[in-house]
Every structure is written in structure tokens, then in C-alpha cells.
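Chain letters run A, B, ... following the sequence lines, proteins first and then strands; every chain starts at 1. Everything numeric in this text was worked out from a predicted model, so none of it was measured.
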Protein chains: 2
Amino acid sequence: MTTKADTYLLENNVNPSYQRVKIMEYLLRKKNHPNIDMIFNNLKKEMPKLSKTTIYNTLKLFIKRNLVSPLTIEDNMLRYDADTKIHGHFKCINCGIITDINLDLKNMNRDELPGYTIFEHHVNFKGRCNKKSCNKKSFNKNKNGNTNWEKSA
Amino acid sequence: MTTKADTYLLENNVNPSYQRVKIMEYLLRKKNHPNIDMIFNNLKKEMPKLSKTTIYNTLKLFIKRNLVSPLTIEDNMLRYDADTKIHGHFKCINCGIITDINLDLKNMNRDELPGYTIFEHHVNFKGRCNKKSCNKKSFNKNKNGNTNWEKSA
DNA sequence: TTGTATATTTGCAACGATTACATTTTTTAT
DNA sequence: ATAAAAAATGTAATCGTTGCAAATATACAA
Ligand SMILES: [Mn+2]
Ligand SMILES: [Mn+2]
Ligand SMILES: [Zn+2]
Ligand SMILES: [Zn+2]
């Protein structure tokens, strides 16, 4: 069967193997900014033989073909975004959800950087989202006194 | 002897031990955005007994006291900045140097994230700086065909 | 001074995300 | 059908970081 992801990969000179199509479909459908484990745990339900190495290899290929942008919003793991347009991200330190932010880079950068060539724009904010369960008054702490998505002190 | 870093730590409720003062002095003096190894390799010349764990512990303490900001501009290691004012960074993918960028976030779209509280601003650009040796025409490649500071494809 | 509690440093083991690599499986071409 | 090429898989290795227990330094009372 020919899916949307299938033709998308073909258009970008990526051989649409079964695994590659499934991984791209996941990214396009969920639009969450998943890490490797999120992709793996979701897809292994219908692909029991799937290897994590395949996901690493596939995403590295997608990045090289500019179909995916890596997100360095976490300090210990990468996240991946099938939206390669320039935009920013907000990560809630309580619930962990990563939200897209529209950027106006023109009046954000005050420096000239003459002669510099910029290839990648990474704009990441962190804080608390507007969900009631993420507000200061009632945010969840674990046994270490940290919020859900913070690492232990 | 009482140095500038010494009193700076005292003012911020950090016990100015010998190692902590040396690490803070390094950050304030070099103003490069070093990773752990850069700090370690520099300081071990005058502190042969220095442990890398001490540097990790010290920087974690500095971050908690808001004396240092962690930079997630690399995907596999943290860098550290003793300038905690809001500003952005540019990293040259050829020479690796990280330059400060002044930011103007005031007229950023605030109604985009209603009810959100932002604690951290991370703005990182990547590209080629204006040094002649970093320009497209003459940039250095290693045996893997990558530039000096890129990882192997 | 001496002893004792506390703070800090050190060295090494353990952890986890990522990568290297050899093997197996699938696809393509002849 | 056969061989070659491409892709996927499993496992070991890498490396930045953290956990932890022992060693050292500091503070402070007796
Ligand atoms: Mn996004
Ligand atoms: Mn800086
Ligand atoms: Zn939230
Ligand atoms: Zn450069």
C-alpha cells in the first residue's frame, strides 16, 4: 500500500522500506517530539522484530536528508521533529510536553555576526505550561522532591 | 588569599573551597564555554589531585545557586557559562568556538504561550564563523570527510 | 590540644544514550 | 535461481555523567 509517508520518502530520495515508512508515519502522526524510546515502545507493538539500532540509523538518515530536525532540548538524549521549518520549542518541566513556538527571528537577534553563515536555529524555552496540574501550587513531586520530569538533584 | 571569585562565592552562599574557587576563576577568566574536560585539562596542571567528579559536583552546585548556566548546544555533552544573563550562542561547526549573541526577547510573542511560565531561555545557532579558515572554500576536513568539529557521518 | 561531627574531595564502579560492527534478512539485478 | 547490494538486527563497545563509599579537610566543642 502506498501511504503519504511512503511517497514523501520517495520524493526525497529515501528508499521507503517498511521500517522507514513506519517511523516516518509515527513522526508525522504524533507530532510529539519523541525520543528514541518513545518511537521504539510505540512501534514494537506492531513490529516485534524492530531494532532500536534501526531507529537510530533511520533518524540519522532522515536528518541527513533534512526530513527531520534533531532537538537538543534535553541534556542526555535527543528528540526528533518531522517539522523542519524554523520554529522554537517550549518544554514543561512538570509534564514534559514539548510545544511548538512560532518565531520571529528578525527582531530577536540584535547582533550582526558579519560574515557568519547560520545553518541551524535552536530556540528552546523551559518552564511550566498552563495546565492546572503543572502550576506552582499543585505540581507533582516525586520521592526525591523533584518534579516529574526533572532529574534527581 | 581572597580573590574576586572567592568573595563572589561567599556572596552567593557557596563555601569557597580551594577547588570551587579555582573552577569559578577559570570560568570567569576564560569566558569560553567549556565542557568538563576543558576545565579538567586546564586545572590539573596546577592541581594534580583534582578529580573530574569534583568538577561535576561543583558545576551542579553552581547551577543550583544560579552562578552558572548549562549550555545544551552539543548533543553529547554539556557546556557551562558563568554569564547567567539571558543571551544566545553561536557555535561554528568548523572551529568549534562558541560566541555570545545579544538577544532581544522583549517583543517576542507573549500571547503565544498564555499562562506559561518561562524559567530558561536557550537560543543556539550553528554555522560557520567569519574566520578565513572556517569559510566554505577552505574549511578543513578530516579523514572521514567531516569538518573538524562535526561528528562522523 | 584532642577528639568528634560535618563538609568536601577523590577514585572507581555503574548507568544510559549512542555508536560500531559483524551477522542475518530482504531486495534488486542478472 | 543466483549473486550482489541494501537494509535490518543483535550485541559489544564507547563515553559523558552519576552513584557511592572511602579518604581528606574543616569547624567546633571539651
Ligand atoms: Mn516542533
Ligand atoms: Mn555565553
Ligand atoms: Zn506541563
Ligand atoms: Zn569558525
Side-chain angles (χ1 to χ4, degrees), chain A residues 5-6 9-10 12-24 26 33-41 43-44 46-65 68 70-80 96 142-144 146 149-153, chain B residues 5-6 9-10 13-24 26 33-41 43-44 46-65 68 70-80 96 143-144 146 149-153:
Chain A
D6 194 287
L9 293 182
L10 277 173
N12 290 92
N13 301 310
V14 173
N15 196 330
S17 72
Y18 180 69
Q19 287 85 348
R20 288 170 180 170
V21 171
K22 286 296 184 184
I23 293 171
M24 180 54 79
Y26 175 91
H33 302 78
N35 57 29
I36 293 288
D37 273 4
M38 293 165 72
I39 302 172
F40 178 73
N41 290 323
L43 292 184
K44 76 177 175 189
E46 48 175 337
M47 305 167 69
K49 298 290 300 299
L50 179 63
S51 167
K52 236 179 237 187
T53 302
T54 299
I55 305 179
Y56 278 106
N57 292 338
T58 300
L59 288 171
K60 188 163 292 192
L61 174 64
F62 288 172
I63 291 171
K64 188 168 11 181
R65 292 287 200 281
V68 162
L71 255 65
T72 55
I73 199 171
E74 227 115 7
D75 58 348
N76 62 335
M77 74 180 71
L78 277 178
R79 285 169 174 271
Y80 301 90
N142 60 24
K143 57 181 162 55
N144 298 318
N146 300 301
W149 286 80
E150 281 172 329
K151 313 172 83 172
S152 298
Chain B
D6 194 286
L9 294 182
L10 278 172
N13 301 310
V14 173
N15 195 330
S17 72
Y18 180 69
Q19 289 84 347
R20 288 170 180 171
V21 170
K22 286 297 184 184
I23 293 170
M24 178 55 79
Y26 175 92
H33 302 79
N35 57 31
I36 294 288
D37 273 4
M38 294 165 73
I39 302 172
F40 178 72
N41 289 324
L43 291 185
K44 75 177 175 189
E46 49 176 336
M47 305 166 70
K49 298 289 302 297
L50 179 63
S51 166
K52 234 179 240 188
T53 303
T54 298
I55 304 179
Y56 278 106
N57 293 339
T58 300
L59 288 171
K60 190 164 291 193
L61 173 64
F62 287 172
I63 291 171
K64 189 168 13 180
R65 293 286 201 279
V68 162
L71 255 64
T72 56
I73 199 171
E74 228 114 6
D75 58 347
N76 62 334
M77 72 180 71
L78 277 178
R79 285 169 174 270
Y80 301 90
K143 58 181 162 56
N144 298 317
N146 300 302
W149 285 79
E150 281 171 329
K151 313 173 82 171
S152 298

Can a side chain N or O of B:Y56 be found less than 4.0 Å away from OP1 or OP2 on D:dT18?
-> no

Report, one pair per line, the protein and nucleotides 21-25 of chain C atoms (nitrogen or oxygen only) whose separation is under 3.5 Å.
none

Would one find a side-chain N or O of B:Q19 under 4.0 angstrom from OP1 or OP2 of C:dT10?
-> yes

OP1 or OP2 of D:dT18 under 4.0 Å from side-chain N/O of B:K52 | no

B:M38 CE - D:dC15 P separation (whole Å) = 18 Å

Closest listed nucleotide, where the reference is the side chain of B:T54 and the choices are C:dT18, C:dT10, D:dT9 | C:dT10

Please table the atom pairs, donor to acceptor, closer than 3.5 Å between any side-chain atom in residues 50-59 of chain A and protein atoms at least two apart or in another chain.
from  : atom 1 : to    : atom 2 : distance (Å)
A:S51 : OG     : A:T53 : N      : 3.1
A:K52 : NZ     : A:D37 : OD1    : 2.9
A:N57 : ND2    : A:T53 : O      : 3.3
A:T58 : OG1    : A:T54 : O      : 2.7

When the distance from CZ of B:R20 to C1' of C:dT9 is rounded to whole Å, what number comes out?
-> 9 Å

5'-most contact on DNA chain D: B:N15 or B:Y80, nearest heavy atom basis?
-> B:Y80

Ranking D:dG16, D:dT18, C:dT10 by distance to the side chain of B:K60, first place goes to D:dT18

OP1 or OP2 of D:dG16 under 4.0 Å from side-chain N/O of B:N35 = no

Take atom CG of B:N13 and atom C1' of C:dA7, then tell me their distance rounded to the nearest Å.
-> 16 Å

Answer yes or no: does a side-chain N or O of B:S17 lie under 4.0 Å from OP1 or OP2 of C:dA7?
-> no

